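Report on the structure given below.
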Amino acid sequence: MQQEIRKQVIKNAYMHGGKADISSVVGKLISINPDAKKDMKTLMGTIRKYVDEVNAMGADQLEEIVNTEYPDILIKEKKEERHELPDLPGVNGSVVMRMAPSPSGPLHIGHSRMAILNDEYVKRYGGKLILRIEDTNPGNIDPDAYTMIPEDLKWLGVDVTETVIQSSRMEFYYSEAKRMISEGYMYVIEENQQEFHDLKLKKVPVKERDADPSVNLEKFDKMISGHYSEGEAAVVMKTDINHPNPSIRDWIAFRINTTEHPLTGSKYSVYPTMNFSVSVDDHYLGLTHVIRGIDHLVNTEKQKYVFMYNNWKIPEYFHYGFITIPDTILKTTIIKEGIKSGKYSGWDDIRLGTLKALKKRGYNPETFRKYWVRSGMNKSNATFSWEIFDSMDREIIDYNTERYSFVPHPELISLQNAEPLKSHALLHPQRPDSGFREYSIPAQASVYFPGDEIDKINEGEVIRLKDLCVAVKKGNKLVYSNIEPEGRVKIIQWAPENSGDIQIFHPDGNIDKGKLEPLATEKRGVVQLERYGYVNLDGKNGYFLHK
RNA sequence: GCUCCGGUGGUGUAGCCAGGCCAAGCAUUAGGGACUCUCAAUCCCCCGACUCGGGUCCAAAUCCCGGCCGGAGCACCA
């Protein structure tokens, strides 16, 4: 133990400018030998003795001791860290989890967090991932969403085990409601929304709250049969009328909405609220764990009353924090209006933050998984980083992405080469055996060159046309040179004279027009256009992915 | 206004429940270098942080008290 103390003091001093610190050394020693805690006085005394001794040494003496007695201090260890989601508590063999969107439109990048976190755990533990479409507000449904949402999930690599559509379960919700009304947990009100809200604020119960259940049952039957109009009656779940949070005091469980439903038409007009249908479904579908955003934190508290009244086992709940996604259009209403007005071409317009748009730009679906696993499920509010996201995407795609040449703002330049030239360029610099591109350039030919780069080259300056030849600037021109330059010179891409036109659309709305080398004309999918960036090619259009 | 959740390098996070192995780890951006016929990829280097004050303790990013800052909910939307 004395030897270990001495070693740690010397190590600490060596790594911190020759001065050891008692606190740091004691911490290290206790981690090595926790029993030493029992006699702190002695330990402190011993350490202080060695610290004083070592701190009085000169740098030479300290280094001498390290080199002769403790050379392993010099070995630097790099710590590695694996990025995984933490284990879930309360797992009993397998899990049942869910993804529960409202069908107002397709998924966007924010939704992908919930989808992937839930999917990751089902993949880890086994069990079920339930896609539950929560379409109990007929006024806010896009019929196309019923197919767009499963498509988006499939693209993300999320494996849905079972799909449930809430509008197909109304009779079941009604029978659950009747049971809970007759058991005294729910009641029917005839006050309007404002009156009910005001009473709650004052902690005053509605007069029907304690009526005989048979009275409330009768009123519920009248609601279902269409006796009331919108706003004239609603079903309420009893909670605690004196709860410190006013929104938790007796919440609405069913309301009347006579809008036609895209799937059920006008068959129903009494719809459950989210807090009722979610509670009932979570129980009967056997949910074990629920992961969702922090905006649902209060809803979790409300829903627990349903579980408590029915003696149902409560799932484990996790809420992740609010995340701001900068420079990204996500709001469904804004997008819909834009599509209608012609501003956006559709849900996959690359200026949007929908998954369809990000897919069109060429993002790899694995990037989403990697980003959200790395972010985890902590409750902090955060800002999404496109920089980190793009870096992850590059890491995933680069090795398999072929290189081609694109010339933005092209100008034809005459090289004045006396002899024909031949270019030879690899499809991938790290994989030379994966192929190459070659072009023959006849004598006295012209090639396309980026117009805005010419002015950046000085008179007499020598450059390389990448994989083709050396050229020198004379006047306003670039002329072929057969003199190999010394040292490094600028390397700039070009394209042959028979290259075709292409437009490259950027997510900020800018469009670059230029020439794409002929061997890329039939290429589809993500490529790297050298010195320009990664682009998803689609005929005469390309969609800019990232640099 | 009421209720709740947070705050760790520019950004995103690990660590916090169970004080010591953290004079804080990892990633990414910025900056520098190597390699290099790409403004790419890869490798190396560098820079930079526990919201503030107090308490407890040999020892606090971690526990306790108070302030400050940020966010969410308060719909008969989800």
Side-chain angles (χ1 to χ4, degrees), chain A residues 12 15-16 21-32 34 37 40-41 43-44 47 78-83 86 100-104 134-137 139-140 189 192-193 196-197 200-201 230-231 233-236 243-249 251-257 271 273-275 277-278 292-299 301 319 321-324 371 374-376 378-392 394-395 398-399 401 403 405 424-426 428-430 464-470 488-493 528-534 547:
Chain A
N12 192 268
M15 303 189 77
H16 299 289
D21 174 60
I22 292 183
S23 299
S24 300
V25 174
V26 74
K28 182 74 178 180
L29 286 165
I30 288 182
S31 77
I32 292 169
K37 266 192 200 176
M40 286 304 300
K41 199 167 185 179
L43 181 64
M44 293 299 293
I47 294 172
K78 175 153 186 171
K79 297 185 186 177
E80 287 204 7
E81 187 177 296
R82 296 173 58 188
H83 303 302
S102 154
S104 56
E134 298 188 340
D135 57 343
T136 54
N137 177 9
N140 190 26
I189 59 167
N192 67 34
Q193 198 166 345
F196 183 59
H197 177 80
K200 279 213 291 186
L201 275 193
E230 286 189 14
V235 184
V236 177
H243 199 284
N245 184 350
S247 75
I248 293 183
R249 301 170 192 156
W251 44 265
I252 302 291
F254 283 84
R255 81 285 195 191
I256 295 167
N257 187 326
Y271 288 89
T273 63
M274 168 254 182
N275 280 319
S277 60
V278 163
R292 54 191 178 175
I294 204 166
D295 48 322
H296 285 282
L297 204 45
V298 172
N299 289 329
E301 294 309 309
H319 301 85
F322 187 75
I323 192 156
T324 303
Y371 188 92
R374 187 69 159 78
S375 303
N378 70 76
K379 289 183 184 175
S380 310
N381 305 312
T383 303
F384 182 90
S385 169
W386 284 107
E387 289 161 340
I388 295 172
F389 190 76
D390 289 348
S391 172
M392 288 177 173
R394 275 194 293 276
E395 185 174 16
D398 180 80
Y399 194 73
T401 307
R403 274 81 164 141
S405 182
H424 177 83
L426 295 177
H428 200 296
Q430 270 82 53
R464 284 189 192 277
L465 297 182
K466 188 174 188 296
D467 299 312
L468 179 63
C469 64
V470 177
R488 294 193 46 74
V489 297
K490 283 176 186 168
I491 300 164
I492 301 179
Q493 82 276 22
Q528 189 200 77
L529 301 180
E530 291 180 315
R531 301 183 71 252
Y532 184 77
Y534 296 83
K547 286 214 177 223

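What you see is a predicted model, and the numbers here were worked out from it, not measured in a lab. Just so it is clear: chains get the letters A, B, ... in the order the sequence lines come, proteins before strands, and each one is counted from 1.
Rounded to whole Å, the distance from CG on A/L43 to P on B/C58 is 13 Å. Distance A/D390 CG to B/U28 C1': 11 Å, rounded to the nearest Å. Atoms CG (A/N299) and P (B/G73) sit 10 Å apart, rounded to a whole Å. Between the CE atom of A/M44 and the C1' atom of B/G20 there is a distance of 12 Å, rounded to whole Å. As rounded to whole Å, 18 Å separates atom P of B/A75 from atom CD of A/E230. For A/D21 and B/C58, the CG to C1' distance is 12 Å, given to the nearest whole Å. With rounding to whole Å, A/I47 atom CD1 is found 9 Å from B/C58 atom C1'. Atom P of nucleotide B/C22 and atom CD1 of A/I22 are separated by 19 Å, given to the nearest angstrom.
Of all non-hydrogen atoms in A/R531 and A/I491, the two that sit nearest each other are NE-O, 3.0 Å. The two residues A/R464 and A/V489 have their closest heavy-atom pair at CG-CG2, 3.8 Å.
Under a 3.5 Å cut-off, the side chain of A/R249 and the backbone N or O of A/K200 do form a donor-acceptor pair. A donor-acceptor contact shorter than 3.5 Å links the side chain of A/S375 to the backbone of A/Y371. A donor-acceptor pair under 3.5 Å is absent between the side-chain atoms of A/K547 and the main chain of A/G533, judged by distance alone. At distances below 3.5 Å, not a single donor-acceptor pair connects side-chain atoms of A/N12 with backbone N or O atoms of A/V25.
Taking the C1' atom of each, B/G12 and B/G54 are spaced 32 Å apart, rounded to whole Å. For the C1' atom pair drawn from B/C22 and B/U13, the interatomic distance equals 16 Å after rounding to whole Å. To the nearest whole angstrom, the two C1' atoms, one in B/G20 and one in B/G67, are 29 Å apart. To the nearest whole angstrom, the two C1' atoms, one in B/C35 and one in B/C43, are 8 Å apart. If you take atom P in B/G25 and the same atom in B/A34, they sit 28 Å apart, rounded to whole Å. If you take atom P in B/G33 and the same atom in B/U51, they sit 35 Å apart, rounded to whole Å. The C1' atoms of B/A49 and B/A72 are separated by 26 Å, rounded to the nearest whole Å. Comparing the same atom, P, in B/G53 and in B/G15 gives a spacing of 26 Å after rounding to whole Å.
Take the nearest nucleotide of RNA chain B for A/S24 and for A/F254: the residue whose nucleotide is more 5' is A/S24. Each of A/P246 and A/V278 was matched to the nucleotide of RNA chain B holding its nearest heavy atom; the match closer to the 5' end belongs to A/P246.
Counting non-hydrogen atoms under 4.0 angstrom, A/Q193 reaches a base of the nucleic acid. Within 4.0 Å (heavy atoms only), A/H296 reaches at least one base atom of the nucleic acid. A/I30 comes within contact range of at least one nucleobase, with a heavy-atom separation under 4.0 Å. Using a 4.0 Å heavy-atom criterion, one finds that A/S247 contacts the sugar-phosphate atoms exclusively.
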Just do the side chain to side chain contact (heavy atoms under 4.5 Å, CB included) check on A/H424 and A/D467 with the steps written out, would you?
-> CA-CA 6 Å; A/H424 177 83; A/D467 299 312; 5.9 Å; no
A/I323/A/T383 under side chain to side chain contact (heavy atoms under 4.5 Å, CB included): CA gap, chis, key distance, verdict | CA-CA 5 Å; A/I323 192 156; A/T383 303; over 6 Å; no
Using the side chain to side chain contact (heavy atoms under 4.5 Å, CB included) rule, take A/F196 and A/I189 through it: C-alpha gap first, then chi angles, then the decisive distance, then the call.
-> CA-CA 8 Å; A/F196 183 59; A/I189 59 167; 3.8 Å; yes
Can you give one letter per nucleotide of nucleotides 11-19 of chain B, 5' to 3': B if a protein heavy atom sits under 4.0 Å from the base, S if only from the sugar-phosphate, - if neither?
-> BBSS-----
Nucleotide-resolved protein contact map, nucleotides 33-40 of chain B, B/S/- at heavy-atom distance under 4.0 Å = ---BBBBB
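Using a 4.0 Å cut-off between a side-chain N of Lys or Arg and a carboxylate O of Asp or Glu, A/R403 and A/D398 qualify as a salt bridge.
In this entry B/C16 has no Watson-Crick or G-U wobble partner, no candidate having both defining distances under 3.5 Å. Across all strands shown, B/C4 forms a Watson-Crick or G-U wobble pair, both distances under 3.5 Å, with B/G71. As the counterpart of B/U56, no nucleotide is assigned, since no Watson-Crick or G-U wobble pattern has both distances under 3.5 Å. When Watson-Crick and G-U wobble pairs are counted only if both distances are under 3.5 Å, B/U42 pairs with B/A34.
Ring pair A/Y271/A/F254: centre-to-centre distance not below 6.0 Å.
Remark: A/R255 is in phosphate contact with B/A78, judged by side-chain N or O atoms under 4.0 Å from OP1 or OP2. Look at A/T136 and you'll find a side-chain N or O under 4.0 angstrom from OP1 or OP2 of B/A78.
With B/C76, B/A23, B/U28 as the choices, the nucleotide that has an atom nearest any side-chain atom of A/S391 turns out to be B/U28.
One can find a donor-acceptor pair under 3.5 Å joining the base of B/A23 and the side-chain atoms of A/N12.
Counted by atom type alone, A/T273 and A/N275 present zero donor-acceptor pairs between their side chains at under 3.5 Å.
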